[in-house]
Amino acid sequence: MIIQKEFRDAEQISTSYLGCLLYLLEEWTGVERLEEYLNYLITCLLVLLLIGFLLPLVIFLFFFIGAILVYIYKIKTYLNEGLNDFPNDIRQLLATAWYVHARIWNGYEMHGLEKLPDGPALIIHYHGPTFLDILYLSVFIFIRKKKLIHIVADHSIFSIPGVKLISDVLQFMPGSQEECRKVLENGELLMISPGGVREALFSDENYTIIWRNRKGFAQVAIDAKVPIIPIFTQNIRENIRIIGGQIKLLRLIYEYLRFPIFPLYGNFPVKLQAYFGDPIPYDPNITAEELAKKTKNALQCLIDKHQKIPGNVWRALMERVATEKQDNE
């Protein structure tokens, strides 16, 4: 009973102090009913915070809706095989949906598409926090160049429901060196992010390239005798932010379990622009290690040229407004 009484007394004192503080603020600001305004402000902030964490789910929801459409299409047409049995219209439907989403939500643009050769090539890109930039790249090239891109994805994403269905349409593949080499030798385009999930999770607003010592992609390009095309998407880390990417404990958990447990927030409608770098031609006299270093330097040059460091969400939003204003003038 004594403890309960002390607790009630403390609560009353706390409420009294809060009331006094609100009274002083009302006297100082000259604003009446300040408590109601503060409650309204706090409610708005909580709603914005909730929206910030819910918006990234829109991308995944959009992705799963596409998977459901593919599944319905397969059942309706009694298809049991993979990619070769999918007619072009279902691929065109999904590509168009993502194309419209990219243009409306992020004002997505692509610069230097003419640098992409008509023949086979290995596209190397900086990995954003999600697969959004990869989807945008692939559908824009499909619609504008009428060329499909095989996308090397981390093995873990194929365990996500719906990904296998979409992968048959959008050409996701686990991507051993032998499989990648076959794709290029068949005269097709291949996209790889050497940083992979690790770069997506642990890079930051400084757009640090995290490749470690990976050079397998360079060996694939040498063996297939194809050029490498570096590409970077401006403001991709301002579109969606990852919480906890710099926390050592969470990073250790990922390194040992390979399980990304990092929450996302954002999906801000920032301006996204993809920039193609100059092709790095096939050179029989270069080693895989040298080619990997040369590719990394080329990608870093694209980041230095087109990305303001450190990245800033507000600035990225204003860049979209400024760009659209210039286009309308």
Using side-chain heavy atoms (C-beta onward) and a distance below 4.5 Å, is [X] in contact with [Y]?
{"X": "L122", "Y": "I229", "value": "no"}
{"X": "L116", "Y": "I123", "value": "yes"}
{"X": "L190", "Y": "P120", "value": "no"}

Checklist entry - Tell me the salt bridge (charged side-chain N to carboxylate O under 4.0 Å, His left out) pairs involving residues 170-185, sequence neighbours left out? => result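 Passing the test, one end in residues 170-185: E178-K182, R181-D223.
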
Checklist outcome for this item: Quick note, salt bridge (charged side-chain N to carboxylate O under 4.0 Å, His left out) partners involving residues 303-318, not counting sequence neighbours, are none

Determine the minimum heavy-atom distance between [X] and [Y], stating which atoms define it.
{"X": "Y108", "Y": "L137", "result": "OH-CD2, 3.5 Å"}
{"X": "L132", "Y": "N106", "result": "CD2-OD1, 4.2 Å"}
{"X": "A95", "Y": "F142", "result": "CB-CD2, 3.6 Å"}
{"X": "G119", "Y": "L189", "result": "O-CD2, 3.7 Å"}
{"X": "V226", "Y": "A121", "result": "CB-CA, 4.3 Å"}
{"X": "G128", "Y": "I236", "result": "CA-CG1, 3.9 Å"}

Looking only at atom types and distance, does a side-chain atom of [X] sit under 3.5 Å from a main-chain N or O of [Y], one as donor and one as acceptor?
{"X": "K115", "Y": "F276", "answer": "yes"}
{"X": "R237", "Y": "G311", "answer": "no"}
{"X": "W105", "Y": "N267", "answer": "yes"}
{"X": "S203", "Y": "A200", "answer": "no"}
{"X": "R214", "Y": "P194", "answer": "yes"}
{"X": "D204", "Y": "N206", "answer": "yes"}
{"X": "E205", "Y": "I309", "answer": "no"}

Item to check | side chain to side chain contact (heavy atoms under 4.5 Å, CB included) between K294 and N297, worked out | outcome: CA-CA 5 Å; K294 190 174 183 179; N297 291 337; 5.6 Å; no

Just by distance, with hydrogens left out, do [X] and [Y] show a side-chain donor and acceptor under 3.5 Å apart?
{"X": "E238", "Y": "N312", "answer": "no"}
{"X": "Q234", "Y": "Q273", "answer": "yes"}
{"X": "T233", "Y": "Y275", "answer": "no"}
{"X": "Y126", "Y": "D133", "answer": "no"}

Checklist outcome for this item: Rounding to 0.5 Å, atoms CD (E290) and NZ (K215) come to a distance of 10.5 Å

Item to check | Close aromatic pair by centroid cut-off 6.0 Å: F268 and W314 | outcome: no

Checklist entry - Hey, would you say the Y207 and F232 ring centroids sit under 6.0 Å apart? => result yes

Next on the checklist: As a quick check of understanding, evaluate side chain to side chain contact (heavy atoms under 4.5 Å, CB included) for Q219 and L291, giving each step before the final call.
Outcome noted: CA-CA 8 Å; Q219 189 60 57; L291 182 56; over 6 Å; no

Checklist outcome for this item: Paired with I134, the side chain to side chain contact (heavy atoms under 4.5 Å, CB included) test is passed by just one of I151, V152, V139, namely I151

Checklist entry - So, are E188 and K147 salt-bridged, with charged N and O less than 4.0 Å apart? => result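 A salt bridge is absent here (no side-chain N lies under 4.0 Å from a carboxylate O).
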
Checklist entry - Can L317 and K271 be said to form a side chain to side chain contact (heavy atoms under 4.5 Å, CB included), step by step? => result CA-CA 6 Å; L317 288 169; K271 182 69 176 180; over 6 Å; no

Next on the checklist: Among residues at least two apart in sequence or on other chains, which ones pass side chain to side chain contact (heavy atoms under 4.5 Å, CB included) with S193?
Outcome noted: H125, H127, E199

